[in-house]
**Student:** 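Structure incoming, see below.
Numbers restart at 1 for each chain; the letters A, B, ... are given by sequence-line order, proteins then strands.
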Amino acid sequence: MPDAPAVSVTDLKKTYSSGLFRRRKVEALQGVSFDVQPGEIFGLLGPNGAGKTTLIKVLLGLVKRSDGQANVLGLPAGDRRGRMRIGYLPENHRIPRHLTGNTALEYYGQLSHMSLSEIRSKRGELLDSVGLGKWGTATIASYSKGMLQRLGLAQAMLHDPELLILDEPTDGVDPVGRAGIRDTLFWLKDRGKTIFLNSHLLQELELVCDRVAILQKGLLRHVGPIQELTHAASSSVTFRLTSEPEEFQSALRLLDSADITWRQIENQGHPTVIVESSEQATIDQVIDSFRKANVSISAIIRKQMTLEEAFLQLVDRDSDEIDDVRRFPSERAVPSESEETTKGGDS
Amino acid sequence: MRPYLAVIRDSFREAFATRVLWIMLILIGVLLGLLAPLGFERALAVSLQFNDFQNPQAFLKELRDNRNSSETPAGYVWSRLSDGFKEEVNDVKPDTDRRRRMGVLGRARNEINRLFSEPDFYNKEVWADVRLGSEANDLLDQGLTSLSEEERRRFNRLAFEAAFPSHIEASGRDAIQFVYLWYPIGDELPIQETQLHQIGEQVLSFLVSRLVGNIGVFIALLVTASIVPQMLDSGAIDLLLSKPVSRPLLFLSKFFGGCTFIFLNATFLIAGLWAIVGWRFGIWSDGLLWTIPVFVFVFAIYYSVSTLAAVIWRNAVVSIVVSILFWAVCFTVGLAKSSLDNWFLDARRTANIIPAGETLIRLTQTGSG
């Protein structure tokens, strides 16, 4: 089935039991459904405790689902034939410290049923590709956190899997290393591999993912392309204007009469109006009102929300876990917002 | 099989990397190296042992009572003793404490063994009334001057035994002299080679059951206790279980890796002992080699408890503690069983039935009828 989803979950539920007599129940997944198509980079987002790791563990067969369906590469989740075709990088993985880069790849490669000669023929190139070419003979004990992540990624790629499930692949990796991992992910995508990413670094996901799913408290809050999420969450358009005060006041009265919500700020001596809407009809109506009052529009700025802002808007703001998701504010790799500027009258 | 062989191989890699295997192999090698020069030589029984004195006090009294009649063997021997020892013997009274009497006996033994080395110890006139045995007569017929030093000492011993038959135990001809490299260890022991083999097998049995069976298993548990908990570490086990391998086989491979590690060490130790004991003492005990699988089996039992604890608590220290507790329980149960056998059951249990005329006599384990 070449067109079958790489990952398909339908009404997936997982309930953990704990406490005395296992009477305390925690619903980690409460009926999650989505598909991941072959060849796409799919991101899984959610605050701590959202059920992301549980979902990954169900997909790998590490924990059993309570209800629903989960298929990976056309096979039931956890099927050994499926695991032959999956590369997995767990969060906070621990590669035994007595191994070297080379012997670690030998060990994990053999666990994936590869022969030693096959592993040895591939490992040099693979270590080079993750920037560990000179570290093959060094023991893991001498590796930094970032190097361990890159080695973990190498072992996940070693047996040329169709699906890579990467849990926090850039955790502890410096910006240069992250860029390298991004390049590797794009290279894998170009080769038709499917990548299932779980990361707290939303900026990273925004840069590489085709689609994302947002989990919160075991519920799927959103699944779709990133642009869909960020556009849906965009909520304001800024108009920079040039006009006489009377004409400007006249334009504002027109906005009021059209029942459009707006607020005014001063920006370098230019009157500036922010309209709290992203509806195109409303924007057209605002432009018409300004033009009718003979107000010149020097710039229209539509605020494009970042994935992080869209995410925060989507999930419960008063949820305890939100703070944790925002724990890396200083590591923003891209500007917090991008601006689409259109000359007045050309929009 | 490839993934599981990789897991076993990794157990060794881990052991080598943590130097545990090297340390164990070196320690075993040093132990075998120290044992290898130990051996024995066949010798003649010449030295008096403590238990050769049948009645030490009477013997010393006879020497002292004959101090003035040097024509008798007792007086002759007395005359050749050192003055210091003579004073000691004179000071011994019936109420002298036992410890001091034993000290005097020890020195008496040394003094007399010294006399055996003296070429002129045997005096034909003094021994005129003493009836020598056939072995002594044979040596005498060869001519005392033509005897080797060891044969002359043997002859002197035989002459001495013949002079004091009621005080000194008659000795067999053969003895064993233990040597380390080329150096003799202590006096020769008046035992035959077959007895040496029997004693050797008993010593080996004790060493294997107590030293290897208890201490060896304990050390093996210490060495291997961390293998399974480390595998079950959450960052490690998720990665392992994501691979296309069977969970039970993965677990068994790790368990088998630990057992194989111990098997190699046990083989090195026990086969080394077997070779040394065979080469140096002529005891080629096949039973000793069977202790290798038995030891590994015993270890596997304790290790299974250790791994069970590791699966439950995921902590090497807890695994070791639980294993030791299990060992203590087994030891206590075994001790209780043997104690019950000795104190209660053996006294009633029939061990043998002997016909005695028209009746039968039932004998118990303790020998009572």
**Student:** So what's closer than 4.5 Å to chain B heavy atoms on A:Ile165: side chain, backbone, both or neither?
**Tutor:**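 The answer is neither part of A:Ile165.
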**Student:** Looking at A:Met84, A:His113, A:His93, which one has more heavy-atom pairs under 4.5 Å with chain B than the rest?
**Tutor:** A:His113
**Student:** Checking the side chain of A:His159 only, and the main-chain atoms of A:Met114 only, is there a donor and an acceptor separated by less than 3.5 Å?
**Tutor:** no
**Student:** What part of B:Asp233 is in contact with chain A, defined as an atom under 4.5 angstrom from a non-hydrogen atom: side chain, backbone, both or neither?
**Tutor:** side chain
**Student:** Under 3.5 Å, is there a donor-acceptor pair linking the side chains of A:Ser66 and A:Lys13?
**Tutor:**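 Distance-only check fails for A:Ser66 and A:Lys13.
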**Student:** If you count heavy-atom pairs within less than 4.5 Å of chain B, which of A:Gln155, A:Arg85, A:Arg81 leads?
**Tutor:** A:Gln155
**Student:** Could you check, using the six-membered ring where one of them is a Trp, whether B:Tyr302 and B:Phe218 have ring centers closer than 6.0 angstrom?
**Tutor:** no
**Student:** Please work out whether the ring planes of B:Phe40 and B:Phe281 are parallel, tilted or perpendicular, with thresholds of 30° and 60°.
**Tutor:**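 Parallel.
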**Student:** Is the gap between the ring centers of A:Phe42 and A:Phe196 under 6.0 Å?
**Tutor:**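 Yes.
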**Student:** A:Leu111 versus chain B, heavy atoms under 4.5 Å apart: side chain, backbone, both or neither?
**Tutor:**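 The answer is both parts of A:Leu111.
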**Student:** Check each atom of A:Glu106 against the heavy atoms of chain B and say whether the ones under 4.5 Å are side chain, backbone, both or neither.
**Tutor:**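 Just the side chain, heavy atoms under 4.5 Å.
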**Student:** Between A:Thr139 and chain B, which part of the residue has a heavy atom less than 4.5 Å away: side chain, backbone, both or neither?
**Tutor:**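 For A:Thr139, neither part sits under 4.5 Å from chain B.
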**Student:** Supply the atom-to-atom distance B:Lys243 NZ to B:Leu250 CG, rounded to the nearest 0.5 angstrom.
**Tutor:**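 If we round to the nearest 0.5 Å, B:Lys243:NZ and B:Leu250:CG are 12.0 Å apart.
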**Student:** Any donor and acceptor pair, going by atom type alone, linking the side chain of A:Asn71 with main-chain N or O of A:Gly74 inside 3.5 Å?
**Tutor:**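 No; judged by distance alone, with no hydrogens or angles, the pair does not exist.
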**Student:** Top residue by heavy-atom pair count (under 4.5 Å) with chain B, among A:Leu62, A:Leu116, A:Ile86?
**Tutor:** A:Leu62
**Student:** Is there a side chain to side chain contact (heavy atoms under 4.5 Å, CB included) between A:Glu168 and A:Leu89? Walk through the geometry before answering.
**Tutor:** CA-CA 8 Å; A:Glu168 301 289 356; A:Leu89 170 66; over 6 Å; no
**Student:** With a 4.5 angstrom heavy-atom cut-off, could you sort out which part of A:Leu99 is near chain B: side chain, backbone, both or neither?
**Tutor:**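 Answer is side chain: those atoms of A:Leu99 sit under 4.5 Å from chain B.
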**Student:** Side chain, backbone, both or neither: which part of B:Ser246 has a heavy atom under 4.5 Å from chain A?
**Tutor:**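 When you check distances to chain A, atoms from both the backbone and side chain of B:Ser246 fall under 4.5 Å.
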**Student:** Could you have a look at B:Ser242, B:Gly235, B:Pro244, B:Pro3 and say which one has the most heavy-atom pairs with chain A under 4.5 angstrom?
**Tutor:** B:Pro244
